[in-house]
Amino acid sequence: MKFFIDTANLKEIKEAQELGVLDGVTTNPSLMAKEGITGKNNILKHYVDICNIVDGDVSAEVNAVDYDGMIKEGEELADLHEQIVVKLPMTKEGIRACKYFSDKGVKTNVTLVFSAGQALLAAKAGATYVSPFLGRLDDCSTDGLGLIQEIREIYDNYAFETQILAASIRHTMHVVNCAKIGADVMTGPLSSILGLLKHPLTDIGLAQFIADYEKGNK
């Protein structure tokens, strides 16, 4: 499973990259605003800064909601860097734009997916990634993991190449469970990646090894 980090924070992206397990980055307007990145030129520059840190795909989201606007913004984003993936909303216009870009060989990420039917449409339109929002479904007492399982079954039935990008990851068990049911990618905060490192028995064992070494070298 690929590991993406869902942030616009350059420090966190660098830390994840240095860990050696990072495969890409996802961002959105809310994450940009959280880092104080405003204004079109600043946002575009920030996407390039992210691409210069990581080796993999970087999802950059359009703000337009109409087809022509999505095409214009998406083309501008795609021209920024070869690693850019144009992120489009799961709407009628978004699906049309997805087909337009996929026909031109531009990578796409269809976001805000909450049903298997939506994921099927995205795959039919040639999306590179489809982003079911696991955490947001769990937040409203709906089985987010169950949705990913449904999408996995549909995609396997018809050999769709669209990758399932489990989004809105909240914690480490989301990551583990997504891996168990076959999500191609997970995107979440740095804490969800670093949390996989932790286990009390590892800490206890390491402390014991160090203590025994120090005893033997007095």
Side-chain angles (χ1 to χ4, degrees), residues 1-7 12 16 19-28 30-31 54 56-62 85-99 101-102 106-199:
M1 183 170 67
K2 295 178 183 177
F3 278 22
F4 287 6
I5 185 172
D6 192 40
T7 186
E12 291 182 353
L19 190 62
V21 300
L22 189 65
D23 299 293
V25 176
T26 57
T27 60
N28 59 48
S30 298
L31 292 173
V54 302
D57 289 342
V58 175
S59 286
E61 189 164 346
V62 301
V85 176
V86 178
K87 196 173 183 183
L88 302 160
M90 170 42 74
T91 62
K92 181 179 179 181
E93 303 304 302
I95 290 298
R96 286 183 62 204
C98 178
K99 177 61 175 172
F101 284 117
S102 63
V106 175
K107 290 183 178 181
T108 55
N109 177 359
V110 177
T111 189
L112 291 171
V113 170
F114 294 98
S115 75
Q118 290 177 326
L120 177 57
L121 282 174
K124 289 285 290 180
T128 310
Y129 300 101
V130 61
S131 293
F133 275 45
L134 170 63
R136 292 195 192 185
L137 284 169
D138 286 354
D139 290 345
C140 58
S141 302
T142 303
D143 185 8
L145 288 170
L147 172 59
I148 292 175
Q149 285 180 309
E150 288 181 358
I151 298 171
R152 179 79 280 156
E153 181 179 359
I154 291 169
Y155 283 10
D156 289 348
N157 281 347
Y158 300 101
F160 284 124
E161 296 182 1
T162 300
Q163 297 179 55
I164 302 171
L165 194 163
S168 188
I169 293 291
R170 298 283 195 253
H171 47 69
T172 54
M173 284 311 299
H174 271 164
V175 179
V176 172
N177 286 328
C178 283
K180 288 167 65 177
I181 61 179
D184 300 290
V185 191
M186 83 87 200
T187 188
L190 180 61
S191 60
S192 67
I193 298 174
L194 296 180
L196 297 170
L197 292 166
K198 299 175 183 178
H199 196 285

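The shown structure was predicted, so the numbers you read here are calculated from the model rather than taken from an experiment.
Inter-residue side-chain proximity for K180 and V176 is flagged as met; some heavy-atom pair is nearer than 4.5 Å. The side-chain heavy atoms of I164 and P132, taken from C-beta on, include a pair separated by under 4.5 Å. Counting heavy atoms from C-beta outward, K2 and T187 have side chains that stay 4.5 Å or more apart. You'll find the side chain of E61 stays beyond 4.5 Å of the side chain of T26, heavy atoms only. The shortest distance between side-chain heavy atoms of S131 and V113 does not fall below 4.5 Å. Using a 4.5 Å heavy-atom cutoff, the side chains of V62 and L88 are in contact. E93 is listed as a side-chain neighbour of R96, based on a closest heavy-atom distance under 4.5 Å. No side-chain heavy atom of T7 sits under 4.5 Å from any side-chain heavy atom of L190.
Residues H174 and D138 approach most closely at NE2-OD2, 2.8 Å, considering heavy atoms. The minimum heavy-atom distance linking A122 with T162 is given by the pair O-OG1, 4.5 Å. When every heavy atom of L112 is checked against every heavy atom of M90, the shortest pair comes out as O-CB, 3.7 Å. Between A16 and I5 the shortest heavy-atom distance is CB-CD1, 4.1 Å. Among all heavy-atom pairs drawn from A125 and S102, the shortest one is O-OG, 2.8 Å. In plain terms, the two heavy atoms of A127 and V110 that are nearest each other are CB-CG2, 3.8 Å.
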>> Show, in sequence, the C-alpha distance, side-chain angles and deciding distance for D57 and K107, and conclude whether the salt bridge (Lys or Arg N to Asp or Glu O under 4.0 Å) test is met.
In response: CA-CA 9 Å; D57 289 342; K107 290 183 178 181; 3.1 Å; yes

>> One pair to check against side chain to side chain contact (heavy atoms under 4.5 Å, CB included): I193 and M186. What are the steps and the verdict?
In response: CA-CA 10 Å; I193 298 174; M186 83 87 200; 3.5 Å; yes

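Separating the CG atom in L147 from the CG atom in L134 is a distance of 8.5 Å, to the nearest 0.5 Å. For the atom pair L165 CG and D6 CG, the distance stands at 9.0 Å (nearest 0.5 Å). Atom CG of residue N177 and atom CD of residue Q149 lie 9.0 Å apart, to the nearest 0.5 angstrom. Atoms NZ and SG, from K124 and C98 in turn, are 12.5 Å apart once rounded to the nearest 0.5 Å. With rounding to the nearest 0.5 Å, the separation of CG in L137 from CG in D143 is 8.5 Å. We find the CG-NE2 distance between L196 and H171 to be 11.5 Å, quoted to the nearest 0.5 Å.
For the side chain to side chain contact (heavy atoms under 4.5 Å, CB included) with L120, the lone residue among I154, V130, I151 that qualifies is I154.
In terms of modelled atom types and a separation under 3.5 Å, the side chain of K87 and the main chain of T27 share a donor-acceptor contact. The backbone N or O of F3 sits less than 3.5 Å from a side-chain atom of D23, completing a donor-acceptor pair. Listed for the T128 side chain is a donor-acceptor partner under 3.5 Å among the backbone atoms of T108. Checked by atom type and distance alone, the side chain of Y129 never pairs as donor or acceptor with a backbone atom of D184 at under 3.5 Å. Formation of a donor-acceptor pair under 3.5 Å by the S168 side chain with backbone atoms of R136 is found in this model.
Ring-plane geometry between F114 and F133 is classed as tilted, the angle between the planes lying from 30 to 60 degrees on a 0 to 90 degree scale.
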